[in-house]
There are 2 protein chains.
Amino acid sequence: MTTPPRPEGYDPRAFEPFAVTVDLAVLTVRAGRLHALLVRRGQEPYAGAWALPGGFVLPHESAGTAARRELAEETGLSGTTVAGLHLEQLHTYTEPGRDPRMRVVSVAYTALLPDPPEPRGGGDAAEARWLPHDEVPALAFDHDRILADARAHVGARLEHTCLATAFCPPEFTLGELRQVYETVWGVTLDRPNFRRKVLTTPGFVEPVEGPPRRTGARGKPAALYRAGRATALHPPLLRPEGRSA
Amino acid sequence: MTTPPRPEGYDPRAFEPFAVTVDLAVLTVRAGRLHALLVRRGQEPYAGAWALPGGFVLPHESAGTAARRELAEETGLSGTTVAGLHLEQLHTYTEPGRDPRMRVVSVAYTALLPDPPEPRGGGDAAEARWLPHDEVPALAFDHDRILADARAHVGARLEHTCLATAFCPPEFTLGELRQVYETVWGVTLDRPNFRRKVLTTPGFVEPVEGPPRRTGARGKPAALYRAGRATALHPPLLRPEGRSA
DNA sequence: GCAAAAGTGTTAGCCTTACACCCATGG
DNA sequence: CCATGGGTGTAAGGCTAACACTTTTGC
């Protein structure tokens with residue numbers, strides 16, 4: 001904002017006010033499929049329809065704070081889960097008419113989680129569930145578009161950032177990390193090449209000291225790694241046949 | 001937004017309303033230096049201080065529409081100039097207290113222009129000017145941060161998109177395009193390699209048919225190009241020693 | 001033993017980098 | 001004729017892509 005170009009007799013309370021909300025596209029990788037966290041609406045409009053979790057920003061809150069609060073309220077995810085998740089502002093949706101009730105501007109966030117416990121409904125959400133990304137029905141409001149934008153955004157950021165570790169538990173194998181890429185991008189990657197790329201990128205991952213090893217299912221046990229301190233990837237890890245941002 | 005979690009007795013008009021504004025980080029390359037379009041505030045708070053152009057979103061507008069309107073009002077740039085510029089949503093700033101008067105949520109945009117005419121003040125802006133990026137004084141509100149974010153964002157997007165052509169006139173030489181990169185990144189690029197990279201990227205630029213040639217200053221006349229239809233760059237054009245997003 | 005996944009090695013090819021060199025123009 | 005920028009060529013090196021092969025586990 002700059003100089004308040006108050007139109008004739010402008011008074012903040014005279015206009016129909018803007019409501020400011022947050023919407024969350026919460027994504028996880030579970031069983032090799034990308035899942036989104038959705039809630040079933042308990043009220044009109046769109047009562048009974050699936051929607052992204054979210055809600056109003058309160059007067060004292062920043063949008064980021066509101067995002068974490070709403071997520072905890074509506075999905076019953078634990079405080080530590082919500083406190084630790086990776087939140088990233090995605091886009092702000094401002095079209096008049098996107099909410100039939102009133103003028104609503106929504107700040108959308110993407111959030112990434114390692115495979116988490118089943119959520120439960122709460123707050124105004126009648127129900128909360130993980131749905132496989134390719135089985136998501138039509139959503140309320142413009143949430144279809146927000147979810148699509150979120151998926152595209154995450155896919156693009158996997159190329160240039162260490163974001164993928166946000167989908168993994170604190171200690172993970174390179175196979176798990178690779179599966180994040182494969183799931184989000186919908187491709188298969190060459191295991192040896194992926195391994196080299198990740199290990200030669202300083203700060204992407206760091207080995208867990210005590211050489212304990214963990215088994216995925218069957219097959220050779222894999223070494224464990226933690227997320228490193230790096231945040232950007234140079235050079236990037238481009239997806240095959242890639243298109244990006 | 002999702003289920004409206006109306007706190008007890010919630011009524012949109014009962015809360016102190018949120019104001020929604022847009023702020024614009026308008027950048028151009030002029031004389032080999034990155035410039036930002038700034039306005040001098042005519043009113044309190046921060047009267048007399050430099051700030052980004054911007055203003056309130058009106059009830060019937062989307063934020064993008066408001067951005068173009070405010071830019072035309074405050075800087076006197078022509079309608080065609082404003083209509084044609086490349087606008088990109090950057091980030092939304094929501095911290096309580098970022099405006100001392102009231103709760104203001106601001107949707108920030110970056111806009112890129114080819115070297116344009118000098119703007120004039122208008123609307124609520126006492127004065128509008130291009131300032132070299134490294135001579136920008138402390139700005140009103142949190143506009144310093146917005147401008148810094150915009151510069152970082154543009155620099156990163158030059159690597160992966162055809163955004164650089166937005167800084168160029170409809171027909172331009174490869175030297176002009178290269179200068180955009182060099183100016184924004186603050187590096188010098190190898191001319192032959194830059195040329196090859198641009199020309200071998202399908203859809204980045206296309207040659208202007210009639211082999212007219214234009215002289216920059218002295219030196220051999222250069223061939224002219226138009227922006228192509230491509231929007232993404234694959235593979236990317238990474239900045240040397242690069243760091244990015 | 002066989003399937004599955006981890007881990008190591010190797011090679012060909014692409015792309016970038018660095019730099020040499022010629023061309024066209026203005027002073 | 002020289003400085004300046006456009007345009008072409010080329011060789012070295014880094015990185016990726018593709019694939020062969022060994023290791024270690026569960027069944």
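Letters A, B, ... mirror the listed sequences (proteins, then strands); counts begin at 1. Note that the structure is a prediction, hence the values are computed from the model and not measured.
- Nearest-nucleotide positions on DNA chain C for A:Pro192 and B:Pro235 put A:Pro192 closer to the 5' end.
- The interatomic distance linking A:His234 (NE2) with D:dC15 (C1') rounds to 15 Å, in whole Å.
- Rounded to whole Å, the distance from CD on B:Glu176 to C1' on D:dG6 is 13 Å.
- Atoms CG (B:Leu189) and P (C:dC19) sit 15 Å apart, rounded to a whole Å.
- Proximity of the aromatic rings of B:His160 and A:His160 is defined here by a centroid distance below 6.0 angstrom, and this criterion is met.
- Candidate nucleotides D:dT23, C:dT10, C:dG26 were compared by shortest atom distance to the side chain of A:Arg196, and C:dT10 ranks first.
- Of the candidate nucleotides C:dC19, D:dG7, C:dG7, D:dG7 has the atom lying nearest to any side-chain atom of B:Arg195.
- For the OP1/OP2 pair of C:dA5 and a distance below 4.0 Å, the side-chain nitrogens and oxygens of A:Arg218 include no atom meeting the criterion.
- Note: A:His143 and A:Phe141 have tilted aromatic rings, judged against thresholds of 30 and 60 degrees for the angle between ring planes.
- In this structure, A:Phe194 atom CZ and D:dC15 atom P are separated by 18 Å, rounded to whole Å.
- A donor N or O paired with an acceptor N or O is found under 3.5 Å between the base of D:dA17 and the side-chain atoms of A:Asn193.
- Between A:Arg33 and A:Glu135, at least one side-chain nitrogen of the basic residue sits less than 4.0 Å from a carboxylate oxygen of the acidic one, meeting the salt-bridge criterion.
- In this model, the phosphate group of D:dC15 is not approached by any side-chain N or O of A:Lys197 to a distance below 4.0 Å at OP1 or OP2.
- Distance from the side chain of B:Ala223 is smallest to D:dG7 among D:dG7, C:dG7, D:dC19.
- The side chain of B:Arg191 places no N or O atom within less than 4.0 Å of a non-bridging phosphate oxygen (OP1 or OP2) of D:dG7.
- The separation between A:Arg178 atom CZ and C:dA5 atom C1' is 8 Å, rounded to whole Å.
- In this structure, A:Leu199 places its CG atom 15 Å from P of D:dC15, rounding to the nearest Å.
- Ion pairing between A:Glu73 and A:Arg68 fails under the 4.0 Å rule for side-chain N and carboxylate O.
- No close placement of the A:Phe172 and A:Tyr225 rings is indicated, their centers lying 6.0 Å or farther apart.
- Atoms CG (A:Asp190) and P (C:dA6) sit 12 Å apart, rounded to a whole Å.
- Atom P of nucleotide D:dC15 and atom CG of B:Leu238 are separated by 12 Å, given to the nearest angstrom.
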